[in-house]
Amino acid sequence: MASVFLYHVVGDLTVGKPELVEFSETETVESAIRAIGESTEGGIPIWRRRSQKALIENAESRHQRFVGILNSLDIVAFLARDWCLQDQEKALKTPVSEVVVPNNSLLKEVDPGTRLIDALEMMRQGVKRLLVPKSVVWKGMSKRFSILYNGKWLKNLEAYNNVTSNANRPSSSSTIPVQDKFCCLSREDVIRFVIGCLGALAPLPLSSISFLGVINSNYYSLDSSSPAIEVIRKLPQDPSAVAVVESTSDGQYKIIGDISAYKLWKCDYLAAAWALANLSAGQFVMGVEDNISSRTLPEFVSSTVQDNNSAGNESMRPRKFSSRNIGFFTNLESLSFGAGRSMYRGRSAPLTCKTTSSLAAVMAQMLSHRATHVWVTEAESEDILVGVVSYADILAVVTKHPSSLAPAIHDPPKTSEIHDPPKILEIN
């Protein structure tokens with residue numbers, strides 16, 4: 001565990017963060033799609049409306065109003081239901097309260113003076129968002145790596161409330177309280193900060209992820225020949241992703257793509273929902289059109305979910321499914337559909353790294369793609385799946401005590417640690 005996490009506080013990460021605008025559970029799915037496109041980690045916090053009687057809200061009441069986090073995979077799975085496909089306009093007007101999975105343990109309110117190591121521990125245990133008050137205008141840092149509130153440490157919310165309510169300070173050093181102003185920190189924000197402190201984390205950043213034990217071999221998978229709709233039987237939460245795999249003759253699994261909130265983050269939701277309901281998992285991620293040339297997408301309603309280039313003049317007509325509709329392909333000239341699978345896959349290709357990849361490389365890969373996870377393949381093969389690395393796995397290793405990592409860093413890797421068949425949580 002690097003000392004940088006002990007001397008930095010959560011307030012250091014809130015500089016420049018916009019004020020939180022609550023997304024109400026009464027808003028529609030259509031509005032949620034717009035909001036998710038501008039969010040981090042492909043999801044948005046959902047809130048119950050605040051009672052008009054409560055002029056001042058405490059932390060407990062605020063936490064009770066938090067419902068859960070709605071992501072793009074949740075929405076596509078909802079739109080893939082039979083009645084939603086038959087009446088897409090009605091489906092888009094559905095309140096998000098009927099779609100979001102309630103789980104208020106995903107968010108925790110902390111004060112700006114909370115040590116970063118404590119915040120990382122919360123996220124390691126499953127918290128995905130930190131709600132941080134923007135209740136004061138900081139005068140600055142009076143010593144390295146620490147934020148002081150008029151000479152007093154902001155250690156917890158109770159101390160923060162005592163300082164702001166009881167202290168009378170001269171105007172030259174006072175701060176300005178503002179009621180109910182918050183910003184929201186995601187795990188992406190924390191990882192972005194961590195990657196800026198790689199020197200303080202040495203030798204972890206340059207160590208292999210297999211040496212560090214970061215690879216999680218418990219992941220959800222779906223055979224490529226299975227219907228893609230089977231994903232909705234049990235939507236994984238962290239990471240919100242299912243690997244689409246093919247079995248090899250020696251009992252291993254070859255990854256050909258994934259169905260995840262990250263992949264569906266800025267997709268055409270209606271096209272993706274139709275594909276999820278009608279195609280196999282392999283067809284969904286690969287964009288294979290050979291066997292579905294006669295199928296057409298139903299007429300789409302005109303909405304902001306679609307590209308807005310129709311502008312009321314061009315009618316929404318039926319069209320063949322293509323992974324381009326979902327937003328998978330980025331180079332249209334490179335497409336060539338055939339019996340083989342050597343086609344250019346663009347964004348449909350899964351984001352992967354090798355067991356020998358360094359921790360720094362994996363973090364940089366996740367941040368550059370704004371992904372919540374990276375699939376791990378064998379060092380000798382680019383598609384034999386070993387496991388997955390997510391935000392939670394990275395936070396777990398960077399907060400470990402150095403003594404617990406020493407053997408993994410300095411000892412050579414054992415063959416069994418790298419090549420043992422992964423444990424897979426299959427969707428049956």
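What you see is a predicted model; the values in this text were computed from it and never measured.
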**Item:** Polar side-chain atom of W47 near backbone of E25 as donor-acceptor pair, under 3.5 Å
**Value:** no

**Prompt:** Are side-chain N/O atoms of S24 and R48 paired as donor and acceptor at under 3.5 Å?
**Reply:** no

**Request:** Output yes when a side-chain donor or acceptor of T114 lies under 3.5 Å from a complementary backbone atom of V110, and no otherwise.
**Result:** no

**Request:** Could you tell me whether the side chain of D87 and the main chain of C84 form a donor-acceptor pair under 3.5 Å?
**Result:** no

**Request:** Determine, for K181 against E19, whether the closest basic-nitrogen to carboxylate-oxygen distance falls under 4.0 angstrom.
**Result:** yes

**Request:** Please say whether more than 12 non-hydrogen atoms of neighbouring residues, nucleotides or ligands are located less than 6.0 Å from NZ in K108.
**Result:** no

**Message:** Check for me whether the distance between the ring centres of F78 and W83 falls short of 6.0 Å.
**Reply:** yes

**Item:** Any side-chain donor near an acceptor of the partner, H373 and D258, under 3.5 Å
**Value:** yes

**Complete:** In this structure, OG1 of T377 is separated from CD1 of I384 (nearest 0.5 Å) by 8.5 Å

**Asked** Which residue pairs satisfy the salt bridge (Lys or Arg N to Asp or Glu O under 4.0 Å) criterion with at least one member in residues 192-201, sequence neighbours excluded?
**Response** E188-R192

**Item:** Nearest-0.5 Å distance, CG of residue L395 to CE of residue M122
**Value:** 13.0 Å

**Message:** Donor-acceptor pair, distance only, cut-off 3.5 Å: does the side chain of Y391 make one with the backbone of A371?
**Reply:** yes

**Asked** At what distance, to the nearest 0.5 angstrom, does SG of C353 lie from CD of E382?
**Response** 12.0 Å

**Request:** Go through the side-chain N and O atoms of S226 and D223 and say whether any donor and acceptor fall under 3.5 Å apart.
**Result:** no

**Request:** Could you tell me whether E30 and K93 make a salt bridge, using a distance below 4.0 angstrom between a side-chain N and a carboxylate O?
**Result:** yes

**Prompt:** Counting only N and O atoms by type, is there a donor-acceptor contact under 3.5 Å from the side chain of S210 to the main-chain atoms of T355?
**Reply:** yes

**Complete:** Of all heavy-atom pairs linking N71 and L73, the shortest is OD1-N, 3.0 Å

**Request:** Considering only NZ, NE, NH1 and NH2 on the basic side and carboxylate oxygens on the acidic side, decide whether E22 and R50 come within less than 4.0 Å.
**Result:** no

**Message:** Tell me whether S240 contacts the main-chain N or O of Q237 through its side chain, where contact means a donor paired with an acceptor under 3.5 Å.
**Reply:** no

**Fill in**
Rounded to the nearest 0.5 angstrom, the CZ-CZ distance for R124 and R187 is 13.0 Å

**Prompt:** Is a side-chain N or O of S247 found less than 3.5 angstrom from the main chain of G251, in a donor-acceptor match?
**Reply:** no

**Asked** NZ of K90: more than 12 outside heavy atoms within 6.0 angstrom?
**Response** no

**Prompt:** When rounded to the nearest 0.5 angstrom, what is the spacing between CD1 in I44 and CD1 in I36?
**Reply:** 4.5 Å

**Request:** Please confirm whether the backbone N or O of A275 pairs with a side-chain atom of N278, one donor and one acceptor, at under 3.5 Å?
**Result:** no

**Message:** Taking R115's backbone N and O only, do any of them form a donor-acceptor pair with H8's side chain (distance below 3.5 Å, no angle check)?
**Reply:** no

**Request:** Answer yes or no: is there a donor N or O on one side and an acceptor on the other, between the side chain of R62 and the main chain of E57, under 3.5 Å?
**Result:** yes

